Amino acid sequence: MKHIIGIRHEDKYLMERRVALIPEHVKKLIKEEGLEFIIEESPKRIFTHREFENAGAKIVTDLSPADVVFGVKEMPIDFFEKGKTYIFFSHVIKGQPYNMPMLKAMMEKGVNLIEYEKVTDELGRRLIFFGKFAGLAGMINSLWSLGKRFKVQGIETPFTKIRQSHTYDSLEEAKEDIRKVGLEIAARGLPAEISPLTIGFTGYGNVSVGAQEIAGLLPSMEVSPEELLTLKGRKDLPNNVIYKTVFKEWDLSQPNDANAGFELQHYYKHPEEYHNVFEQYVPHLSILMNCMYWAEQYPRILTNEYLKKLFIEGKNKLSVIGDVTCDPDGSIQCTHKGTEIEDPVFVYNPLTDEATMGFEGEGVLDMAVDILPSELPRESSVAFSNALVGYVKAIAAANYDVPFADLDIPRPVKRAMILHQGKLTPDYEYISEHLDN
């Protein structure tokens with residue numbers, strides 16, 4: 001039996017150019033596994049129609065012949081066809097209200113939904129992800145934003161030589177610019193009014209690793225959260241070094257019970273018994289890179305109320321928030337929305353509680369692009385496809401007509417199946433609580 005796989009054109013965002021499977025892997029799957037691919041026409045995808053045709057795929061305007069459809073971002077409500085299988089970032093596992101209508105439509109059509117974010121190993125570690133590229137692009141954009149923001153404030157820095165991620169032809173080209181800026185900082189130092197320049201990273205997973213990789217191209221020194229608090233009072237610090245700090249869970253929150261110690265697993269299970277302690281570090285940061293997973297049951301790490309207090313007291317040092325996590329009204333409260341690549345930043349004024357798009361105005365600049373990996377579309381697609389390709393034949397060949405318990409599919413993929421025949425699978429039945437909200 002010939003299995004037909006469709007690859008969808010991404011239409012949620014104007015600048016979304018990624019693809020889940022690259023032509024090289026499509027060619028391999030056609031030749032070695034006997035699969036058939038149809039590729040929906042796309043005027044903007046980073047890989048061209050010709051590249052997919054040379055791989056043996058057909059370019060089409062209609063994906064209805066496909067049994068299985070791979071995408072990246074959410075799909076329109078009217079796109080789903082009865083009984084078919086869809087694999088994409090659905091953003092439903094937190095019960096996100098804006099995607100509940102889509103999930104309901106999929107349930108009504110009796111489809112199968114596999115969520116990339118939940119393809120995990122036995123220890124719960126994600127196996128297929130764009131996260132590192134979100135960190136890479138997020139740090140590039142945050143350094144670019146820093147240069148722009150300082151310039152608006154009349155402060156000249158080498159950061160103005162860095163561009164927004166998507167304007168580079170490759171990641172290596174962006175890195176080369178940042179290395180040059182690093183050499184200039186090492187040779188000439190930074191202005192006194194912005195020294196010591198400090199970058200804080202929340203989290204230490206793939207996103208943070210990517211962000212730190214870019215920051216590491218600059219002359220830098222890692223300091224602990226405790227040491228960060230002492231930098232401001234020191235007079236002997238060189239101005240040609242950037243100081244970076246990585247914050248872990250216990251730096252963000254502590255138990256409400258002053259006599260209790262921090263226990264990581266207890267924190268994960270009972271976040272309501274913890275409170276924010278991170279804000280003590282904010283007055284000491286030039287850039288805050290928010291790179292961690294967050295859900296609403298956890299304490300926020302930066303509230304609008306605290307930012308207002310800093311501004312009233314004149315203690316604000318923070319120039320740029322690189323909110324790679326990008327949960328609207330989430331861990332960074334002033335991130336009221338995700339931004340688009342073509343309009344990526346806003347300035348939040350804590351005194352008026354208002355945000356203005358662009359680089360100007362009183363307050364803190366927030367870079368909150370919510371499809372950051374698409375600013376490095378070729379490299380991020382290659383890495384993602386490398387992780388995904390080994391599962392494609394099994395996903396395409398599976399018999400989804402059997403009961404879920406009997407479904408023969410690789411365990412990492414089965415763990416990621418949110419819907420089977422239109423019904424929430426056991427691990428995801430909790431989402432039903434959100435369907436009517």
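Only a predicted model underlies this, so the values are computations on that prediction, with no experimental measurement involved. Scope of the values below: all heavy atoms of this structure, side chains included, with no hydrogens, waters or symmetry mates.
Using bins of under 30°, 30° to 60° and over 60° for the plane-to-plane angle, the ring pair Tyr281/Phe247 lands in the tilted bin.
A donor atom on one side chain and an acceptor atom on the other are found under 3.5 Å apart for Glu115 and Ser90. In this structure, a donor-acceptor pair under 3.5 Å is absent between the side chains of Gln421 and Asn112. A side-chain donor from one of Thr303 and Glu279 sits under 3.5 Å from a side-chain acceptor of the other. Counting only N and O atoms by type, the side chains of Asn256 and His275 include a donor and acceptor under 3.5 Å apart.
Lys84 places a side-chain N or O within 3.5 Å of a backbone atom of Ala66 that can act as its donor or acceptor partner. Side-chain N or O atoms of Gln280 include one that pairs as donor or acceptor with a backbone N or O of Val277 at under 3.5 Å. The main-chain N or O of Asp353 is never found under 3.5 Å from a side-chain atom of Asn349 such that the two would form a donor-acceptor pair. With Glu379 contributing its side chain and Ser170 its backbone, the two residues share no donor-acceptor pair below 3.5 Å. Counting only distance, with no hydrogens or angles, the side chain of Arg300 and the backbone of Ile332 share no donor-acceptor pair below 3.5 Å. Judged purely by atom type and a 3.5 angstrom limit, Glu40 uses its side chain to pair as donor or acceptor with the backbone of His9. Within the 3.5 Å criterion, the main-chain N or O of Ser286 finds a donor-acceptor partner in the side chain of Thr198. Looking only at distances, a side-chain donor or acceptor of Thr425 sits under 3.5 Å from a matching main-chain atom of Met417. Looking only at distances, a side-chain donor or acceptor of Thr202 sits under 3.5 Å from a matching main-chain atom of Cys291.
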Identify every side-chain donor-acceptor pair in residues 382-389 under 3.5 Å, counting partners at least two apart or on other chains, and give the distances.
| from | atom 1 | to | atom 2 | distance (Å) |
| --- | --- | --- | --- | --- |
| Ser385 | OG | Ile22 | N | 3.1 |
| Ser385 | OG | His25 | ND1 | 2.5 |
| Asn386 | OD1 | His25 | NE2 | 3.2 |
| Asn386 | ND2 | Val382 | O | 3.3 |

Show every donor-acceptor pair shorter than 3.5 Å between a side-chain atom in residues 188-196 and any protein atom, with sequence neighbours excluded, or say none if there are none.
| from | atom 1 | to | atom 2 | distance (Å) |
| --- | --- | --- | --- | --- |
| Ser195 | OG | Pro191 | O | 2.9 |

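Counting only residues at least two apart or on different chains, the ring-ring contact (aromatic ring centres under 6.0 Å, His included) pairs with a member in residues 290-327 are Tyr267-Tyr298. Counting only residues at least two apart or on different chains, the salt bridge (charged side-chain N to carboxylate O under 4.0 Å, His left out) pairs with a member in residues 308-320 are Lys309-Glu313, Glu313-Lys315. Screening residues 336-345 for side-chain hydrogen bond (donor to acceptor under 3.5 Å, both in side chains), with sequence neighbours left out, gives no hits. Legend: ring-ring contact (aromatic ring centres under 6.0 Å, His included) pairs involving residues 412-433, not counting sequence neighbours, sorted by first then second residue: Phe404-His420.
Atom NZ of Lys414 has more than 12 neighbouring heavy atoms from other residues, nucleotides or ligands inside a 6.0 Å radius. More than 12 heavy atoms of other residues, nucleotides or ligands sit less than 6.0 Å from atom CD of Glu222. Residue Glu263 qualifies as open at atom CD: its count of foreign heavy atoms under 6.0 Å is 12 or below. Crowding of Lys151 atom NZ: a count of heavy atoms from other residues, nucleotides or ligands under 6.0 Å not exceeding 12.
Proximity of Ile321 to Cys334: side-chain heavy atoms (C-beta onward) are separated by under 4.5 Å at one or more points. Within the 4.5 Å cutoff, the side chain of Ile7 has heavy atoms near those of the Val26 side chain. Side-chain contact between Leu252 and Asn276 is absent, with no heavy-atom pair separated by less than 4.5 Å. For the pair Val392/Ile395, no side-chain contact is recorded, criterion being any heavy-atom separation below 4.5 Å from C-beta on. Residues Leu376 and His166 form no side-chain contact, since every pair of their non-hydrogen atoms from C-beta on lies 4.5 Å or further apart. A 4.5 Å side-chain heavy-atom check between Thr245 and Ile199 finds every atom pair outside the cut-off. Side-chain contact between Leu113 and Leu103: present, with at least one pair of heavy atoms (C-beta onward) separated by less than 4.5 Å. Put simply, the side chain of Phe278 reaches to within 4.5 Å of the side chain of Leu288, judged on heavy atoms.
Closest non-hydrogen pair, Ala20 versus Val72, comes out as N-CG2, 3.9 Å. When all heavy atoms are compared, the tightest approach of Leu285 to Gly200 is CD2-N, 3.6 Å. The nearest pair of heavy atoms linking Phe346 to Thr335 is CZ-CA, 4.1 Å. Smallest separation of non-hydrogen atoms from Ser42 and Arg45: OG-N, 3.2 Å. The two residues Asp370 and Cys326 have their closest heavy-atom pair at CB-SG, 3.4 Å. Between Ser208 and Phe201, the shortest heavy-atom distance links the atoms OG-CB, 3.9 Å.
A salt bridge is absent between Glu360 and Arg149; no separation between the charged side-chain nitrogens and carboxylate oxygens falls under 4.0 Å. Taking a cutoff of 4.0 Å between a charged side-chain nitrogen and a carboxylate oxygen, Glu429 and Lys423 do not qualify as a salt bridge. Contact check on Lys44 versus Glu10 returns no salt bridge, with no Lys/Arg side-chain nitrogen under 4.0 Å from an Asp/Glu carboxylate oxygen.
Legend: residues meeting salt bridge (charged side-chain N to carboxylate O under 4.0 Å, His left out) with Lys109, ordered by chain and number and at least two apart, are absent. In this view, Ser374 and Glu16, Arg17, Arg18, Ile341, Ile371 satisfy the side-chain contact (heavy atoms from CB on, under 4.5 Å) rule, not counting sequence neighbours. For Tyr168, there are no ring pair (Phe, Tyr, Trp, His ring centres under 6.0 Å) partners two or more places apart in sequence or in a different chain. By the salt bridge (charged side-chain N to carboxylate O under 4.0 Å, His left out) test, Arg8 pairs with Asp11, sequence neighbours left out. By the side-chain hydrogen bond (donor to acceptor under 3.5 Å, both in side chains) test, Gln96 pairs with no residue at all, sequence neighbours left out. Residues meeting the salt bridge (charged side-chain N to carboxylate O under 4.0 Å, His left out) test with Glu176, sequence neighbours left out: Arg179.
Ring to ring, Phe359 and Trp144 are close: their centroids are under 6.0 angstrom apart. Aromatic ring centres of Tyr116 and Phe129: separated by at least 6.0 Å.
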Glu296 and Lys94: CA distance, side-chain angles, deciding distance, salt bridge (Lys or Arg N to Asp or Glu O under 4.0 Å) verdict: CA-CA 9 Å; Glu296 61 183 14; Lys94 297 179 187 177; over 6 Å; no

Worked verdict on Tyr98 versus His91 for side chain to side chain donor-acceptor pair (under 3.5 Å): CA-CA 9 Å; Tyr98 54 91; His91 298 293; 5.1 Å; no

Residue pair Lys161, Glu156: steps toward the salt bridge (Lys or Arg N to Asp or Glu O under 4.0 Å) verdict: CA-CA 11 Å; Lys161 295 172 182 172; Glu156 288 297 326; over 6 Å; no

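Note that Lys73 lies outside the cation-pi zone of Phe88, set by a 6.0 Å cut-off to the ring centre and a 45° limit from the axis.
With rounding to the nearest 0.5 angstrom, the OH atom of Tyr274 is 5.5 Å from the CZ atom of Phe262.
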